[in-house]
Amino acid sequence: MRVIVFVKASKDSEAGIMPSTELIAQTGKFNEQLVQAGVMLAAEGLHPSSKGVRIRCSGDTRTVIRGPFTETHELVAAYWIWKVQSLDEAIDWLKRAPFKEGEIEIRPIFDLEDFAANAGMSPDQLAKEQRQRSQIAGNP
C-alpha cells in the first residue's frame, strides 16, 4: 500500500524559517534508511502558505484566496509518499523519524483499482487512467 505522510506546519515553517542543520542532517539519514528499505517514493518540503493560494469552488464560480492562511494546524510543511505493507509499518517508520515536536499525519492513498471499484469506473475509464499513470511514470 502507499501512504502519504504529512508533516504539519509550525509557526517557524510558516515564517519561512528553515530547520536546523542538525535536523536536516538527521532527516537526511532517516530518508536514506527509507530509500535503502525501498519505502520512499517521494519527499518534498513546501514553501510557507504565504506563497500559496487556495481555490474555492462553488458551482461554476472559482474564488482565489491568497495566503498566508492563519490556521497553522491545518497546513502542511512537507510530505513523504511511502510504499509499505501496512499502516502499522508506516507508524513504525515514523516512530524512528528525528522529529522532537509537531504533528504528523499518515493517510493511505487509494490504488487505482480501489478507486475504480468504489467509483464504478468503466473498463475504458480504467484503461485511460492506467495509460495516464504510465505516462507520468515515464513509461509510454
Side-chain angles (χ1 to χ4, degrees):
M1 79 184 294
R2 291 175 305 138
V3 296
I4 188 162
V5 180
F6 294 113
V7 178
K8 298 293 186 120
S10 66
K11 288 181 182 180
D12 283 350
S13 68
E14 277 298 289
I17 298 170
M18 296 299 284
S20 69
T21 54
E22 179 183 355
L23 181 57
I24 290 173
Q26 291 171 346
T27 302
K29 288 178 185 177
F30 178 66
N31 286 344
E32 185 61 32
Q33 293 171 358
L34 292 167
V35 169
Q36 289 176 355
V39 170
M40 188 189 304
L41 300 176
E44 298 293 341
L46 303 174
H47 282 275
S49 69
S50 60
K51 295 186 177 187
V53 298
R54 290 181 177 168
I55 310 298
R56 180 168 293 131
C57 301
S58 179
D60 291 335
T61 302
R62 304 295 182 259
T63 304
V64 177
I65 305 153
R66 298 194 179 278
F69 307 116
T70 56
E71 299 297 325
T72 304
H73 68 278
E74 295 179 356
L75 300 175
V76 176
Y79 70 90
W80 283 289
I81 297 178
W82 294 346
K83 184 175 181 176
V84 292
Q85 294 300 312
S86 66
L87 195 54
D88 286 335
E89 181 186 354
I91 292 167
D92 289 342
W93 274 107
L94 200 48
K95 287 179 178 179
R96 298 182 232 169
F99 303 118
K100 301 292 183 214
E101 308 231 353
E103 185 173 305
I104 301 165
E105 178 180 347
I106 304 171
R107 299 213 8 225
I109 298 173
F110 277 113
D111 286 326
L112 182 56
E113 294 75 18
D114 297 332
F115 190 80
N118 291 315
M121 293 173 75
S122 71
D124 288 343
Q125 290 171 314
L126 182 58
K128 181 179 179 180
E129 185 69 27
Q130 288 170 327
R131 283 192 304 275
Q132 288 173 342
R133 289 178 182 220
S134 183
Q135 284 179 314
I136 291 167
N139 305 319

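Side chains included, hydrogens not; waters and symmetry mates left out as well; all remaining heavy atoms used.
- For the residue pair Glu14 and Ser50, the shortest heavy atom distance occurs at OE1-N, 4.4 Å.
- Scanning both residues, Val3 and Pro108, for their nearest heavy atoms gives CG1-CA, 4.0 Å.
- Note that CH2 of Trp82 is 15.0 Å distant from CZ of Arg2, once rounded to the nearest 0.5 Å.
- Between Phe69 and Gly52 the shortest heavy-atom distance is CZ-O, 4.2 Å.
- Note that CD of Gln125 and CG of Leu112 are 11.0 Å apart. Values are rounded to the nearest 0.5 Å.
- Annotation: Lys8, atom NZ; neighbour count of heavy atoms from other residues, nucleotides and ligands within 6.0 Å is above 12.
- Each of Ile17 and Ile24 belongs to its own hydrophobic cluster when Ile, Leu, Val, Met, Phe, Trp and Tyr are linked at side-chain heavy-atom distances under 4.5 angstrom.
- The side-chain heavy atoms of Glu71 and Leu75, taken from C-beta on, include no pair separated by under 4.5 Å.
- Checking side-chain atoms of Thr27 against main-chain N and O of Leu23 turns up a donor-acceptor pair under 3.5 Å.
- Taking a 6.0 Å sphere around CZ of Arg62, one finds it holds more than 12 heavy atoms contributed by other residues, nucleotides or ligands.
- Alongside Leu46, the hydrophobic cluster contains Ile4, Phe6, Leu41, Val76, Tyr79, Ile81, Ile109 (criterion: ILVMFWY side chains under 4.5 Å).
- In terms of heavy-atom proximity, Ala43 sits nearest to Met40 at CB-SD, 3.8 Å.
- Residues meeting the ring pair (Phe, Tyr, Trp, His ring centres under 6.0 Å) test with Phe30, sequence neighbours left out: Trp80.
- Contact of the Leu34 side chain with the Asn31 side chain is registered, since non-hydrogen atoms from C-beta on lie closer than 4.5 Å.
- The environment of Arg96 atom CZ is dense: over 12 non-hydrogen atoms of other residues, nucleotides or ligands sit within 6.0 angstrom.
- The nearest pair of heavy atoms linking Pro68 to Ser49 is CA-OG, 3.5 Å.
- Under the 4.5 Å side-chain heavy-atom criterion for ILVMFWY residues, no single connected hydrophobic cluster contains both Leu87 and Phe110.
- Atoms CH2 and CD1, from Trp93 and Ile106 in turn, are 12.5 Å apart once rounded to the nearest 0.5 Å.
- Of all heavy-atom pairs spanning Ala78 and Gly45, the tightest one is CB-CA, 3.8 Å.
- For Arg54, there are no salt bridge (charged side-chain N to carboxylate O under 4.0 Å, His left out) partners, not counting sequence neighbours.
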Test side chain to side chain donor-acceptor pair (under 3.5 Å) applied to Glu22 and Gln26, step by step:
CA-CA 6 Å; Glu22 179 183 355; Gln26 291 171 346; 3.2 Å; yes

